[in-house]
Amino acid sequence: MRRAGLGEGVPPGNYGNYGYPNSGYSACEEENERLTESLRNKVTAIKSLSIEIGHEVKHQNKLLAEMDSQFDSTTGFLGLCST
């Protein structure tokens with residue numbers, strides 16, 4: 001089945017718009033490129049943020065482990081003093 005207006009008037013071998021003359025393909029392609037770049041920037045920002053969150057979580061876990069150790073030491077010390 002052939003669609004009306006598609007590929008008509010295009011010189012053989014001229015596939016600059018994928019055989020769709022005056023279809024606005026390049027406008028769509030430019031819009032896709034712009035949106036792709038915007039998405040790429042957003043993904044990069046999210047990746048960077050998630051890495052920073054990971055570093056912060058590791059730091060907070062280290063602080064919590066130190067606090068736990070100090071509480072254990074204090075509990076042991078208080079247990080010795082009360083006997």
Side-chain angles (χ1 to χ4, degrees):
M1 181 169 143
R2 184 175 170 157
R3 294 186 179 181
L6 297 180
E8 294 176 6
V10 178
N14 186 356
Y15 301 107
N17 287 334
Y18 289 89
Y20 300 100
N22 303 323
S23 66
Y25 175 80
S26 48
C28 289
E29 185 66 24
E30 289 173 15
E31 179 70 8
N32 284 342
E33 290 296 326
R34 186 184 65 76
L35 292 172
T36 301
E37 185 62 30
S38 174
L39 183 60
R40 183 179 294 117
N41 291 337
K42 290 174 185 177
V43 168
T44 300
I46 291 171
K47 180 180 176 183
S48 176
L49 183 61
S50 67
I51 290 171
E52 289 178 28
I53 289 171
H55 291 307
E56 183 65 24
V57 166
K58 287 179 184 177
H59 178 70
Q60 294 294 327
N61 282 340
K62 181 181 172 189
L63 291 176
L64 287 172
E66 290 173 1
M67 286 176 58
D68 186 44
S69 176
Q70 290 173 355
F71 281 131
D72 285 344
S73 297
T74 303
T75 301
F77 176 73
L78 292 176
L80 291 175
C81 290
S82 63
T83 55

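Because only heavy atoms are used, hydrogens play no part in the values below, and waters and symmetry mates are left out as well, while side chains stay in.
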Donor-acceptor contacts under 3.5 Å from residues 34-43 side chains, at least two apart:
unit_1: Arg34; atom_1: NE; unit_2: Glu31; atom_2: OE1; d: 3.4
unit_1: Arg34; atom_1: NH2; unit_2: Glu31; atom_2: OE1; d: 3.4
unit_1: Arg34; atom_1: NH2; unit_2: Glu31; atom_2: OE2; d: 2.7
unit_1: Thr36; atom_1: OG1; unit_2: Asn32; atom_2: O; d: 2.6
unit_1: Glu37; atom_1: OE1; unit_2: Arg40; atom_2: NH1; d: 2.6
unit_1: Asn41; atom_1: ND2; unit_2: Glu37; atom_2: O; d: 3.4

Does any pair with a residue in residues 57-68 pass salt bridge (charged side-chain N to carboxylate O under 4.0 Å, His left out), and if so which ones, sequence neighbours excluded? none
Please report the interatomic distance CD1(Ile51) to NZ(Lys47), rounded to the nearest 0.5 Å. 5.5 Å
Looking at CD of Glu56 and CD of Glu52, how far apart are the two atoms once the value is rounded to the nearest 0.5 Å? 9.5 Å
If you measure from CE on Met67 to CG on Asp72, what distance do you get to the nearest 0.5 Å? 11.5 Å
State plainly whether one hydrophobic cluster holds both Leu49 and Val57, where clusters connect Ile, Leu, Val, Met, Phe, Trp and Tyr through side-chain heavy atoms under 4.5 angstrom apart. yes
Using the side-chain contact (heavy atoms from CB on, under 4.5 Å) criterion, which residues pair with Gln70? Sequence neighbours excluded. none
